[in-house]
Amino acid sequence: MQEWGIEHVVVCPGSRNAPIVHTLGNAEGFICHPVTDERSAGFVALGLSDAVKSPVAVCCTSGSALLNIAPAVAEAYYRNVPLLVISADRPKEWIGQMDGQTLVQLGAFAPHAKSYSIDEPLNYTQEWYAVREINEALASLTFNGGRPVHINVNLSEPLFDFTNVELPLIRKIEWESGSQLSSRAVEEVSSSKRMMIVVGQLTSDLYAGNRNTLNDILIKASAKGCIVLTEHLSNVSCSHFITRFDDMLADGLVRDDMKPDMVVYIGGHVVSKRLKKYLRGVSPKVCWHVTCSDSVVDLFQCVTRMVTINAVDVLNVVCAKYDSNDIKFTDAWKNIQYDLPEYVYSQWNDVSVVGNVLKCMPFGSALALANSSSVRHAQHFTLPNDVEVVCNRGVNGIEGSLSSAVGYAMASGRLTLCVIGDLSFFYDMNALWNVDLPSNLRVLVLNNSGGLIFGGLPGLEHSNHKWDFVAASHQQSAKGWVESINARYLRVDNLHDLEEQAIDVLFGESDVPVVVEAFSDKCGD
């Protein structure tokens, strides 16, 4: 709390909050003010904050004690006062179980304060989560001019084992906002010798500025020695970017001397699980997330700075200040990708189907990728120029992929190809039950008789119900449904028919939507 400017703490009596009060009272840098009445304590803290012009905390015990601080919280909310309420709570499992001094404390001040729940961390992941939540909570105190924030701490007994002599050191996540980077942030760029830029899904220009401008500045950053990692969902492209990093990581080609010392992460979701695991493992010393959100998003579990500044402006600083002489780092990533063998198109399987179709997409068309295998297969291949990629990666659910493609095709006017698996198609086939179904819609259904991706999950091979219950294997076809809504349907079972018929049908002129169903791989085989 001290690093966030909190010096004054109003402490209220109680047993459940005793460990917190004990710690605050013995830690250097805090001035504790004991106040017995919680209602009064809240307003004392508010008055202190008015006087010192910085956040002030008030700490109370569990139960109805917390509710007495509500009037001060409401006042702080409407006056933009950064009031931090720290409440001790019983373990979650005892809420509503007739245990003494228990009630639902999380969210007790809604809508006047944002609440955060902190449990006692028992392992690294839980500690990382607690650090992330505490950082976001303390940063939120001064967002939008100031506001109250509530941190609810679930504590189990014994409560009075005061054995730790000093506070643990935790990673503080800095915030950058406004129109330009701070001098400390610029120094981090100047000090970096092995910078990696990861571009996630870009679906709006809120934080990225003009997408073409972003692409141009990323090319400049790459020329300066930055390694730029992109997936199709980023909608930025250049032959010098690293796009096949998932294959490189899968083949064990990324060596220890290829570790970045700084990562700049721009945008939204990243599909590759291997990249997430890799960056969480190497844990670069400096990691920025450039975003328009006011929440801490720590995808790689090592974020050190949240940057809510336009991404183009941030990258302009990178291009001006980054000066790397570590040629081995840059060349290693680029040379390994260059040496990777291309995927073979000649085998009849789902990956080959996707590759053969994507290479023929017309200039200016759009690619709507469904969940699971579809989006992963597409990443293996280079897309033609000016193909925009859209995909529901917010939650990555099975529902709605086809419906979203229909909506995009309606409004964009672009020829829109939706690549979708059979289960996703059947789950959302009512998307085609639409009187305004656009004729510029094209659908490629990968029918492998179920959720083939489940067959590769480690450990699932031991289940005798892997295919029937988990992968939902079936013998269905989209043909009847597609023809019933007067769309054009074509079935393909081999590469010859795909190359000689299906691709022309998919991308040729049509006054009705087109669905091509490719039967290749099969669950259970």
For atom [atom1] of [X], decide whether the heavy atoms of other residues, nucleotides or ligands shown that lie under 6.0 angstrom number more than 12.
X	atom1	value
Lys321	NZ	no
Lys193	NZ	yes
Tyr427	OH	no
Glu93	CD	yes
Tyr338	OH	no
Glu133	CD	yes
Lys359	NZ	yes
Lys277	NZ	no

Using only heavy-atom distances, determine whether the side chains of [X] and [Y] contain a donor-acceptor pair under 3.5 Å.
X	Y	answer
Ser477	Glu517	yes
Glu176	Trp288	no
Ser401	Asp428	no
Ser352	Asn356	yes
Ser520	Asn349	no
Asn212	Asn215	no

Taking [X] for its side chain and [Y] for its backbone only, find out whether a donor-acceptor pair lies under 3.5 Å.
X	Y	value
Lys479	Arg491	no
Arg274	Leu249	no
Tyr322	Ser192	no
Ser412	Tyr408	yes
Gln337	Thr243	yes
Asp422	Asn448	yes
Gln126	Leu122	yes
Asn152	Gly107	no

Charged N to carboxylate O below 4.0 Å: is that the case for [X] and [Y]?
X	Y	value
Lys259	Asp257	no
Asp298	Arg280	no
Arg244	Asp247	yes
Glu483	Arg488	no

Any non-hydrogen side-chain atom of [X] less than 4.5 Å from a side-chain atom of [Y]?
X	Y	answer
Lys285	Asp261	no
Gln379	Val271	no
Leu233	Val390	no

Trp481 ring center near Phe426 ring center (under 6.0 Å) = no
Could you grab the distance from atom [atom1] of [X] to atom [atom2] of [Y], nearest 0.5 Å is fine?
X	Y	atom1	atom2	answer
Phe425	Cys418	CZ	SG	9.0 Å
Gln201	Glu231	CD	CD	9.5 Å
Glu188	Glu174	CD	CD	8.0 Å
Lys114	Ile151	NZ	CD1	12.0 Å
Ser272	Phe245	OG	CZ	5.0 Å
Leu369	Asn392	CG	CG	10.5 Å

note = Between Pro362 and Phe507, the two heavy atoms sitting closest are CD-CD2, 3.6 Å
